[in-house]
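Input: a single structure, listed below in structure tokens.
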Amino acid sequence: QVQLVESGGGSVQAGGSLRLTCSASGRTFSSYAMGWFRQAPGTEREFVSSISWDGNRTYYEDSVNGRFTISRDNAKNTVYLQMNSLKPEDTAVYYCASDRRNSFGSSRDRYAYDYWGQGTQVNVFS
């Protein structure tokens, strides 16, 4: 069983920054990949970014590449999403999720992820 808790969301003006944090329970956190997804009202939950078990491989959705940075600290059972140059279209609920079957973190399919946090709201206003 893995429990994930996101924090760090909020409201920010376009061009600003936020850092999301996902804290995980469990002793095996360092052995599996983690991902961030987001969901805006009326849309499907979409892939944002993912990271391998060791942090050496990272993946990004095209619209956030170069603006967002995913990282992890296995000693703290935590994964981060640094979001810079935020745009109004980044407004969504952001979720972190674990992928215990693919430690390389390459999956962009939400159905590959088995445990999810409750989400944190990000609002970007112009």
Least distance between heavy atoms, [X] atom then [Y] atom:
X	Y	value
Ala33	Asn102	CB-O, 3.1 Å
Thr91	Ala40	O-CB, 3.8 Å
Gly8	Leu18	O-CD2, 3.9 Å
Phe29	Val79	CZ-N, 4.3 Å
Arg57	Asp54	N-OD1, 4.3 Å
Trp36	Ile70	CD1-CD1, 3.6 Å

- Message: Could you check whether Trp116 and Phe37 have their ring centres less than 6.0 Å apart?
- Response: yes
- Query: Looking just at side-chain N and O atoms, do Ser17 and Asn84 make a donor-acceptor pair shorter than 3.5 Å?
  - Reply: yes
- Judged by modelled atom types alone, do Ser98 and Asp114 share a side-chain donor-acceptor pair under 3.5 Å? yes
Any side-chain to backbone donor/acceptor pair from [X] onto [Y]? Under 3.5 Å, distance only.
X	Y	result
Arg72	Ser52	yes
Tyr80	Asp73	no
Gln118	Glu6	yes
Ser23	Thr78	no
Arg101	Ala112	yes
Gln82	Thr69	no

- side chain to side chain contact (heavy atoms under 4.5 Å, CB included) between Phe68 and Leu86, worked out: CA-CA 9 Å; Phe68 292 10; Leu86 282 161; 3.9 Å; yes
Sub-4.5 Å side-chain heavy-atom contact between [X] and [Y]:
X	Y	result
Val2	Arg100	yes
Tyr113	Tyr95	no
Ser49	Tyr60	yes
Arg38	Asp90	yes
Tyr59	Arg108	yes

- Query: If you group Ile, Leu, Val, Met, Phe, Trp and Tyr by side-chain heavy-atom gaps below 4.5 Å, do Leu81 and Val122 land in one group?
  - Reply: yes
- Message: With clusters defined by side-chain heavy atoms of hydrophobic residues (ILVMFWY) lying less than 4.5 Å apart, directly or transitively, does Met34 cluster with Trp53?
- Response: no
- Message: Within the supplied structure, the quantity of interest is the number of heavy atoms (other residues, nucleotides, ligands) at a distance under 6.0 Å from Tyr115 OH; does it exceed 12?
- Response: yes
- Task: Answer yes or no: does atom CD of Gln3 have more than 12 heavy-atom neighbours from other residues, nucleotides or ligands under 6.0 Å?
- Result: no
- Message: Rounded at 0.5 Å granularity, tell me how far SG in Cys96 sits from CG in Leu4.
- Response: 4.5 Å
- Separation between CD1 of Ile51 and CG of Asp99, rounded to the nearest 0.5 Å: 13.0 Å
- Task: Identify, with sequence neighbours excluded, every residue that meets side chain to side chain donor-acceptor pair (under 3.5 Å) alongside Gln39.
- Result: Arg45
